[in-house]
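Below you'll find the structure, written out as structure tokens, and then a few comments.
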Amino acid sequence: MSVMPPRAVLAALVTREGRRDPHPLYDALRAHGGLVPVRPGLMVAVGYAECSRALREPRLLVQDARSHDLHRPGWRSHSSLRGFTRSVLYTNPPDHSRMRRLMSGGFTPRSVAGLEPTIVRMTDRLLDRMAELGTGGAPVDFMAEFAYRLPVAVIGAMLGVPDDDQIWFRAAVEHVTVALEGISRASGLAAADRAMDELSAYFAGLIDQRRRRPADDLISALVRAHERDGERFTEEELLGNLVLLLAAGFDTTTHLLGQALHLAFEHPGWAARLRDDPDCAAGYVEETLRIAPPVHATSRFADTDVDLLGTRVPAGTKVLVLLAAGNRDPGRFPDPHRFDPHRPDVQPLSFGAGAHFCLGAPLARAEARIALPRLFGRFPGLAPAGAPTHRDRLVVPGHDRLPVTVGRSPAAPARVPGRRRPCRPAPSPAPRSIYEDAPVPAVTRRFREFPEPREGDIPWRDLRSP
């Protein structure tokens, strides 16, 4: 059997078919080793050990402004690239270390533990909403009505974003995260630039408000850090990190929840296990992160010659780190393509490793660990209502829509014998969602995908009320 050349594999990965099912291509790359030379200046890490070491190696740097200048001429004309390059995601020491210290206080284990009652309350209110939307067997879009709403409400509460403003973030983040793909053509960044401009202007207004009226939220804490002497944010860093916290704070968690539900449908029995024993959720979440990570790839650049587990990486080389490939390395995980929440010592690479390990990883894990048992406990008859719609991305894939029927909820009132229910119109075959056929708020008229809530929707502020 012939082995597919590495360059051909990478070319196939960026096709629509390759993005939809990249794992056979990851296996094809792994046939060449754990760290694969593709051409001069480019190597790909696909083994678990190689990915883990690349993420932890201090001489392998993230793509910052300097590397953009070398590899992406003209990048400064794109506000989306400039914005993220001023954030903790795309900076190296000493700037990265300084910004991370200033931000880390909001994501300590104690801070996340303090949010758990809020996550429980928000989860239950969204489940109530799903029950209402699913009355009479109408399909409900799980991604729009739960997987998006829960993490955006949580990160919104942390940041101090006003409740009514959160509804338009999904389309803005969908646009701006195109800049993180690393393979986008300049023409494809136009919408990302508009989204970054919109989000930056929005957060600039919130920053001004917090300067005048501080509150007990993360924006106020970051504003105070910005204004202190010594270690501080620049204005551009403050805005870039707020956009990053918003995007990373719910986008990856949204797709983690969607993948977790889809895997429960593919592996019958796990929904009942999660419902009957919520302690199983921690292992279930870790295995979901391993087999279907929200982020598939990141990259590093060699600042100098580096020895990476016995392989020389010349200075100036880009190392594409395929996290999703490392998570299915048969040298690390027996039977790696099998979904097994009982698998011991998982430690997926899904949130990175080393200095750039995701700050929000404990929060994302907590949201999924709390939400999934409550979802299956409330809706034991939860079932798919059609094929999901996939997100056409390589770096941050997932589901755009995941239609479900909620079945009969144990909390639903019993039907009284002899009484007829009011007639209801026949349900639409399409999933019911707030993101259809509604007016666009003035603040985001350029994002036609993001309408205001329909009349009668649960206001965002109700998710936080005790």
Does a sphere of radius 6.0 Å around CZ in R338 hold more than 12 heavy atoms from other residues, nucleotides or ligands, not counting ones at 6.0 Å or beyond? yes
Does a sphere of radius 6.0 Å around CG in D216 hold more than 12 heavy atoms from other residues, nucleotides or ligands, not counting ones at 6.0 Å or beyond? no
Could you give me the CA-CA distance, side-chain angles and deciding distance for D307 and R312, then say whether salt bridge (Lys or Arg N to Asp or Glu O under 4.0 Å) is met? CA-CA 5 Å; D307 181 276; R312 178 176 173 268; over 6 Å; no
Would D251 and R391 satisfy salt bridge (Lys or Arg N to Asp or Glu O under 4.0 Å), going step by step from the backbone distance to the final call? CA-CA 12 Å; D251 197 44; R391 186 177 190 177; 3.2 Å; yes
Do [X] side-chain atoms and [Y] backbone N/O form a donor-acceptor pair below 3.5 Å?
X	Y	answer
D329	V46	no
D193	S79	yes
T252	A248	yes
D64	S67	yes
R30	A325	yes
Y284	A264	yes
T389	L402	no
R56	A353	no
S299	L320	no
T254	A147	yes

Of all heavy-atom pairs between V62 and F301, which one has the smallest distance, and what is that distance? C-CD1, 4.4 Å
In terms of heavy-atom contacts, N241 and V88 come closest through OD1-N, 2.8 Å
When you compare the side chain of [Y] with that of [X], does any pair of heavy atoms fall below 4.5 Å?
X	Y	result
V223	P214	no
F339	T288	yes
S87	E237	no
I155	T253	no
R210	D217	yes
L349	S52	yes
Q63	H68	yes
F107	M158	yes

Verdict with supporting geometry, F169 and Y202, ring-ring contact (aromatic ring centres under 6.0 Å, His included): CA-CA 11 Å; F169 284 153; Y202 175 79; 5.7 Å; yes
List the steps and the verdict of salt bridge (Lys or Arg N to Asp or Glu O under 4.0 Å) for D141 and R401. CA-CA 6 Å; D141 182 3; R401 303 184 82 179; 3.5 Å; yes
Under the criterion ring-ring contact (aromatic ring centres under 6.0 Å, His included), I'd like the reasoning laid out for H399 against H390: C-alpha separation, chi angles, the key distance, then a yes or no. CA-CA 4 Å; H399 301 300; H390 295 279; 5.1 Å; yes
Kindly state whether the ring of H262 and the ring of F265 have centres lying under 6.0 angstrom apart. no
Please determine whether a side-chain nitrogen of the Lys or Arg among E287 and R290 lies less than 4.0 Å from a carboxylate oxygen of the Asp or Glu. yes
Give a yes or no on whether a salt bridge exists between D197 and R194, defined as a side-chain N under 4.0 angstrom from a carboxylate O. no
Sequence neighbours excluded - ring-ring contact (aromatic ring centres under 6.0 Å, His included) pairs with any residue from residues 34-58: Y48-F333
Should R76 and D69 be marked as a salt bridge (Lys or Arg N to Asp or Glu O under 4.0 Å) after you check the CA-CA gap, both sets of side-chain angles, and the distance that decides it? CA-CA 9 Å; R76 293 179 187 273; D69 286 338; 3.1 Å; yes
Single hit among Q347, R365, R343, R369 for side chain to side chain donor-acceptor pair (under 3.5 Å) with E286: R365
